[in-house]
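Below is one structure; the comments refer to it alone.
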Amino acid sequence: MPDPGMAGNGPASDSPPPAQASLEIRGQLERVTYANEENGYSVFRIAVQDCPDLVTAVGYSPARMVGEELELSGKWVNHPKFGQQFQFSSCRSLVPSTVEGIKRYLGSGLIKGVGPRMAARIVAKFGEGTLDILDESPDDLLDVKGVSVKLLDSIKQSWQTQKDVRSVMIFLQSNGISPNFAAKIFAEYGAETIQIVKEDPYRLAADIFGIGFLSADKVALNMGIEPSSPMRIDAGVRYVMSELTGEGHIYASRETLEARSSVLLGVERSLAGEAITRAVAAQMLAEEEIYPDDAKGPVDAIYLPAYYVAECKSARMLAELMRYDAVTAFSELADETPRIDAEQAADAVRERMNIDLAENQLDALKKALRSKALIITGGPGTGKTTLIKVIINILEIRGMRILLAAPTGRAAKRMSEATGWEARTIHRMLEYSGRTGFARTPDNQLECDLLIVDEASMVDSLLMFHLLRALPSTAKLILVGDVHQLPSVGAGNVLKDLIASGVMPVAKLNEIYRQARKSSIIVNAHRVNSGLQPVEPKGEELRDFYFVQIEDPERCVEMILNLVRNRIPARFGLDPMEDIQVLTPMHKGTLGSSNLNAVLQSALNPSAGASVERGGRVFKTGDKVMQIRNDYDKDVYNGDIGFVVSVDSEAGLMSVDIDGRRIQYEAIDLDDLVHAYAVSIHKSQGSEYPAVVIPVHTQHYVLLQRNLLYTGITRGKELVVIVGTKRAVAIAVQNDDTKRRCTYLGERLRRIINENGPPRPGKA
């Protein structure tokens with residue numbers, strides 16, 4: 001935690017009263033000097049009546065918005081460096097009463113169509129009576145320049161909603177929830193908000209994106225719920241299981257779940273164990289004794305129900321799929337189509353497509369033609385895409401209906417460009433809607449005879465389950481991916497598990513194409529994957545891989561900026577915004593994405609035009625941004641990158657171009673966007689960029705892993721530049737001990753195949 005005194009701009013005013021045991025102050029929030037998103041520790045500068053200077057207030061608080069009226073309870077303390085500060089123990093938000101507070105309040109995005117400029121005009125007209133006008137005679141707003149009848153109707157509707165929200169806000173803020181989430185909570189629960197939260201405050205964590213268990217727990221404890229309450233411990237256990245799932249695990253041992261829950265909640269392990277038992281009995285958790293290959297004995301595994309169903313049924317559906325051999329499947333479809341001779345097909349492809357398959361590609365083609373389900377895996381330059389094109393060409397001629405899919409829009413676009421065949425995201429192919437879920441189900445399956453899924457390492461457990469449910473048992477499934485890349489962002493490790501099962505056919509492509517050997521990017525990716533240091537090519541011709549040795553993190557930042565803005569564009573003719581992507585292992589720190597985004601935004605998009613602010617981030621026209629949460633209504637997904645094309649500061653609206661589509665964002669939606677001048681390597685999966693710049697420094701020590709560096713390098717098509725220290729690169733290359741995800745898919749599939757035999761087909 002930083003020194004609380006960092007807030008002070010010099011010593012605080014002498015005007016506050018001497019230190020007291022406990023008291024209350026009220027004032028308008030003028031500036032948030034510091035806010036720790038992890039623990040809520042904040043430093044505020046507040047205008048307090050009768051104090052000539054701003055007061056520095058320090059304490060723990062949810063996120064606050066400039067312009068709020070705050071009521072703080074606490075005491076004055078004398079900081080040795082910055083003088084007197086108000087150390088608060090509670091912080092409650094009130095409806096603002098001053099002209100400036102009302103202006104900021106109205107312009108914060110709470111009312112649709114009213115941004116900071118429109119709010120300023122309204123308050124200039126009505127002053128301190130603005131809120132009364134909105135309550136009692138809103139038609140008077142027509143006297144304000146820019147307020148049309150249409151906008152007035154929108155303001156009326158929004159304000160009526162806000163009247164209901166305000167009581168909710170006061171209730172929630174008095175219990176530690178920020179106004180940023182008030183509208184979201186009200187949208188979810190409506191007029192029943194206060195009743196629902198009083199009955200079970202832990203529902204907030206389950207129902208409201210952005211509110212975690214810790215925030216809900218503060219509300220509950222403020223409301224008087226006992227720390228040992230079964231309601232609290234039950235919610236805490238489910239939260240810990242969700243956290244473990246968020247770390248990629250499909251299950252947790254009962255022992256692990258008990259221990260982590262006990263530490264989080266500060267209660268005896270026995271109470272956590274009782275809560276797990278209650279949750280299993282109520283079917284809020286699932287429990288099974290399993291026998292993982294790497295365990296010495298049985299493990300009492302605990303699952304979130306959706307993941308338990310996904311893992312069990314995915315294993316069974318894959319076993320059902322493999323039950324049919326290729327001849328049986330084809331004969332059901334196409335009048336006893338004979339088995340395809342792979343070598344004859346390869347000869348035909350050589351003549352028709354001018355493609356000469358290598359030996360391991362020919363072996364993979366044979367497996368693809370005779371197997372009902374197949375995994376094709378290999379690193380960059382090993383010919384995965386070429387093999388896909390050959391398979392499509394051979395089977396299309398024989399009348400097979402073929403579908404291509406990938407986990408992300410960018411990966412699907414790359415697949416389409418590489419194969420010349422339409423590819424869609426898995427969600428679009430399965431016709432997903434945020435309101436109704438997947439339209440493609442066992443009762444409405446995909447109309448295909450062959451489904452090829454690229455970038456399969458990115459497919460998590462739940463998505464694979466829904467994909468298999470929608471796949472006809474008569475169809476072939478080919479999963480294509482690089483098992484050495486980072487695993488899926490979502491829980492599970494599907495591709496690796498299926499390969500490790502030993503029962504699903506696998507074609508491994510490990511020979512680098514002759515043409516690909518000319519690429520230092522591909523050569524170095526394979527070196528890293530083999531545990532060897534990357535090397536810079538000799539000479540100046542065809543140089544596509546560089547390492548810049550810099551020890552000091554601040555100088556690394558300067559070099560990254562120089563590379564992106566000047567050196568790479570001048571040398572390679574690439575556009576800094578469109579073609580060059582900075583990829584970093586982490587979010588925090590000097591070389592984290594947050595700081596790099598701030599530096600790069602200032603340098604690459606310095607315009608001082610229209611802007612909107614949300615969560616401490618300022619978005620401007622021309623900004624490069626990334627969606628960080630799936631939004632099925634907008635049809636945009638976690639990891640999608642776009643550019644801000646227009647900003648309406650008055651209404652707090654923004655338009656973003658994502659893959660040629662203009663997506664509209666209201667103020668409340670901006671929580672789903674971050675700047676994308678620099679993104680994490682995890683977020684870059686499934687994408688390729690003409691050039692990537694990757695900081696690799698010992699500052700990233702905890703995240704320096706081989707598969708992370710390998711994934712980052714393989715994102716670059718034409719140029720990769722690593723900036724940092726050779727020691728950090730060596731640490732990453734040598735660290736192949738990646739954290740194991742607790743999954744059981746591979747073992748389940750093997751047990752079904754080997755012990756019980758493939759089951760008869762049936763719906764899942």
Side-chain angles (χ1 to χ4, degrees), residues 250 305-324 326 328-330 332-333 368 371-376 388 391-392 395 400-409 411-412 415-416 421-481 488 490-492 494-495 497-498 504 630 632-633 635 637-638 686 745 748-749 752 758-764:
I250 297 295
Y307 289 90
Y308 182 66
V309 170
E311 186 176 84
C312 292
K313 292 195 173 184
S314 290
R316 183 162 295 276
M317 287 185 287
L318 281 166
E320 291 173 356
L321 195 63
M322 290 189 290
R323 174 180 179 272
Y324 299 91
T328 302
F330 288 359
E332 291 179 1
L333 291 169
S371 301
K372 195 61 172 31
L374 174 69
I375 293 172
I376 299 174
I388 293 173
I391 292 169
I392 292 171
L395 297 183
M400 293 191 73
R401 298 168 299 172
I402 302 171
L403 291 178
L404 272 59
T408 67
M415 194 180 190
S416 296
W421 193 272
E422 181 191 6
R424 290 176 286 171
T425 65
I426 297 174
H427 280 90
R428 288 177 185 169
M429 184 184 68
L430 299 181
E431 300 173 22
Y432 185 87
S433 164
R435 295 183 176 87
T436 58
F438 292 96
R440 293 292 183 172
T441 65
D443 295 318
N444 180 31
Q445 292 185 314
L446 296 169
E447 295 157 0
C448 70
D449 306 315
L450 169 64
L451 171 62
I452 302 177
V453 179
D454 199 11
E455 295 287 357
S457 62
M458 297 178 63
V459 180
D460 61 36
S461 180
L462 289 182
L463 189 55
M464 178 57 70
F465 166 64
H466 287 290
L467 183 68
L468 292 170
R469 292 180 80 226
L471 188 67
S473 58
T474 54
K476 290 170 68 74
L477 173 66
I478 297 178
L479 302 176
V480 184
S488 57
V494 173
L495 188 67
D497 287 349
L498 294 180
M504 187 164 177
N630 290 344
Y632 302 105
D633 293 328
D635 197 22
Y637 302 94
N638 188 357
L745 176 63
R748 286 188 191 279
L749 178 60
I752 293 172
R760 298 294 300 176
K763 292 180 181 178

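The shown structure was predicted, so the numbers you read here are calculated from the model rather than taken from an experiment. We number each residue from 1, following the sequence as shown.
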(request) Can you see which heavy atom on Cys448 is nearest to which on Ala475, and at what distance? (result) O-CB, 3.6 Å
(request) Evaluate the side-chain proximity of Ile426 to Thr408: yes if any heavy-atom separation is below 4.5 Å, no if none is. (result) no
(message) Tell me if the centroids of the rings in His427 and Phe438 come within less than 6.0 Å of each other.
(response) yes
(request) Would you check if the side chain of Ser371 reaches a backbone N or O of Leu374 as a donor-acceptor pair within less than 3.5 Å? (result) no
(request) Ignoring hydrogens and angles, tell me if any N or O in the side chain of Asp449 forms a donor-acceptor pair with the backbone of Arg401 under 3.5 Å. (result) yes
(request) Over all heavy atoms of both residues, which pair between Met322 and Ala373 is shortest? Give the atoms and the distance, please. (result) CG-CB, 3.9 Å
(message) Before you tell me yes or no, could you show the steps for Met464 and Leu479 under side-chain contact (heavy atoms from CB on, under 4.5 Å), namely the whole-Å CA-CA distance, both residues' side-chain angles and the distance that decides it to 0.1 Å?
(response) CA-CA 11 Å; Met464 178 57 70; Leu479 302 176; 4.0 Å; yes
(request) May I ask you to test the His466-Leu430 pair for a side-chain heavy-atom distance under 4.5 Å? (result) yes
(message) With a 3.5 Å distance limit and no angle check, can you tell me whether Lys372 reaches the backbone of Glu320 through a side-chain donor-acceptor pair?
(response) no
(message) side-chain contact (heavy atoms from CB on, under 4.5 Å), that's the test. Do Leu403 and Leu450 meet it? Break it down for me.
(response) CA-CA 6 Å; Leu403 291 178; Leu450 169 64; over 6 Å; no
(message) Between Lys313 (side chain only) and Phe465 (backbone N and O only), is there a donor and an acceptor less than 3.5 Å apart?
(response) no
(request) Check whether any side-chain heavy atom of Leu451 sits under 4.5 Å from a side-chain heavy atom of Leu467, and report yes or no. (result) yes
(request) Mark yes or no for whether Asn444, through its side chain, and Ala439, through its backbone, hold a donor-acceptor pair below 3.5 Å. (result) yes
(request) Drop me the distance from Ile392's CD1 to Met400's CE, to the nearest 0.5 angstrom. (result) 11.5 Å
(request) Indicate yes or no: at least one non-hydrogen side-chain atom of Leu749 is less than 4.5 angstrom from one of Leu498. (result) yes
(message) For the CE atom of Met415 and the CG atom of Leu404, what is their distance to the nearest 0.5 Å?
(response) 3.5 Å
(request) Starting from the C-alpha separation in whole Å, work towards a yes-or-no answer on salt bridge (Lys or Arg N to Asp or Glu O under 4.0 Å) for Glu311 and Arg748. (result) CA-CA 8 Å; Glu311 186 176 84; Arg748 286 188 191 279; 2.8 Å; yes
(message) Checking the side chain of Arg469 only, and the main-chain atoms of Pro442 only, is there a donor and an acceptor separated by less than 3.5 Å?
(response) no
(request) Evaluate the side-chain proximity of Val494 to Asp460: yes if any heavy-atom separation is below 4.5 Å, no if none is. (result) no
(message) To check you understand the geometry: which heavy-atom pair defines the closest contact between Pro407 and Glu455, and what is its length?
(response) CG-O, 3.4 Å
(request) List the atom of Ala310, the atom of Ser461, and the distance in Å for their closest heavy-atom pair. (result) CB-OG, 3.9 Å
(message) To the nearest 0.5 Å, what is the distance between CG on Leu321 and OG on Ser473?
(response) 8.0 Å
(message) So if I apply the side chain to side chain contact (heavy atoms under 4.5 Å, CB included) rule between Leu318 and each of Leu468, Ile752, Leu471, which one comes out positive?
(response) Leu468
(request) Step by step, work out the side-chain contact (heavy atoms from CB on, under 4.5 Å) result for Ile452 and Lys476. (result) CA-CA 8 Å; Ile452 302 177; Lys476 290 170 68 74; over 6 Å; no
(message) Can you confirm whether Val480 sits close enough to Ile388 that some side-chain heavy atom of one is under 4.5 Å from a side-chain heavy atom of the other?
(response) yes
(message) Test your reading of the model: is there a side-chain donor-acceptor pair from Ser416 to the backbone of Ala423, 3.5 Å cut-off?
(response) yes
